[in-house]
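Start at 1 and go down the list; that is how both ligands and their atoms are numbered. Quick note: residue numbers are just sequence positions, from 1.
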Amino acid sequence: MDPALKICTGCGAPLQTEHPERPGYTVASALEREHPVCRRCFRIKHYNEVAPVAIHDDEFIRIVSEISTKRALVVKVVDLFDFSGSWIDNLRRYIGNNPVLLVANKVDVLPKQTNLDKVEQWLRKEVEKKGVLPEGIALVSASKGHRVEQVKTFIERYANERDVYVIGTANVGKSTLINRLIQMFGETGNVELTTSRYPGTTLSTVQLAIPNYKHMIVDTPGILTTHRLSDLVCPNCLKQIVPDRAINPRVYQLNSGQTLFVGGLARFDFVSGERQPFVCYFANQLGIHRTKLENADALYERHIGGLLTPPCADCGDHLRDLATHKLKIKQGPNVDIVISGLGWISVRGHACEVHLRVPSGVDVSVRRAII
Ligand code: GDP
């Protein structure tokens, strides 16, 4: 190890000043202290507050697999705006047979008229297809504090003597949720936050000891992904694509031979089918441009990074390397064509062929319509 490398005296992570979302992040001035700590440990110590930290696959698997050896209640947090992108594949392999509560966060970004009972039924089917039968599902907004009470009630009902492990991919709102829970459980006394190291790793977990409860709440690092558009854009463009309030669906009546550009990040060509509506669910601040398919190549070349933004110059050229997904949608129930980390376009029951271009590596999927 580099002798100049300093270690966080709280959790043991090597300190660094470049990546706020990675373990050991701190401001440069803190490195001069005699007992330096990372931002995460600093916040725990001084504010009783959990800060997000995220790690790559191998490390994540090693840490989270520990759960399968424990008597645990697993709180799996997903992002409702990007359910499949925020799901962790092979979850059972990491958590064993432990019971699961599913917390679907960011309910505040769904359109106002959304039937949440229907969304819950849809979620239940989706997770069952993935081999998980949750004890309970809570649709919450951690940042607004909506329905978080239900998570507390579920924990009280199902934890018994199990410790509660909160897991999720990076940016699903896990830390925001845990901090809400700290406030709620804290009403009955002081919550004590401690860190303890996972065997075989430098990174520690954060454990919350709750007075009058037999169990701890354990925060785990989030897994970093690379298949969501939100993982790939620069911080400024991220603000353009992440919804910060309820999405207003935008409806486009298209003839075949027309194209929609979603910023410059997705190109949706309606190749064949009868004239029909396509309903777009993207952040309200993200521009959508309609053009003729025959003009689309030229428009892209001329306006990418300008009229068609994001991406911007800071995002890098990787977002201009587009992969084409050719999709044939049959007549039948409404479906959503989902672009991970960006949003979705809903097809309202009519047959059509569409070609969707998104940056290489970004997941595209088709699902039963959520709304
Ligand atoms: P973590 O990486 O899973 O711990 O996620 P964070 O708690 O750091 O949250 C990631 C981002 O999502 C932050 O910008 C939060 O402000 C935002 N966020 C968290 N909860 C919600 C929510 O309920 N609704 C919305 N719209 N945003 C949220």
TODO: Give the intermediate values and the outcome of side-chain contact (heavy atoms from CB on, under 4.5 Å) for residues L319 and L229.
DONE: CA-CA 9 Å; L319 292 175; L229 255 172; 4.0 Å; yes
- [ ] May I ask you to check whether F42 and H46 place their ring centers less than 6.0 Å from one another?
- [x]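 Distance test on ring centres: under 6.0 Å, yes.
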Open item on the list: Suppose we call two aromatic rings close when their centres sit under 6.0 Å apart. Are W344 and F282 close by that rule?
Closed with: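 Ring-ring flag for W344/F282: false, centres at least 6.0 Å apart.
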TODO: Can you tell me which residues line ligand 1 if we count any heavy atom under 4.0 angstrom from one of its atoms, in chain and number order?
DONE: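 Answer by chain and number: P52, N105, K106, D108, V109, S141, A142, S143, T169, A170, N171, V172, G173, K174, S175, T176.
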Task: Donor-acceptor contact present, side-chain N90 to main-chain R93, <3.5 Å - done: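 The answer is no, because no donor-acceptor pair under 3.5 Å joins these two groups.
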Open item on the list: Is it true that, when you exclude K330 itself, more than 12 heavy atoms of the residues, nucleotides or ligands shown sit nearer than 6.0 Å to its NZ?
Closed with: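 No - once you tally the heavy atoms of other residues, nucleotides and ligands closer than 6.0 Å, there are 12 at most.
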TODO: Verify the distance criterion only: is there a donor paired with an acceptor across the side chains of E301 and H303 at less than 3.5 Å?
DONE: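 E301 vs H303: no donor-acceptor pair found between side chains.
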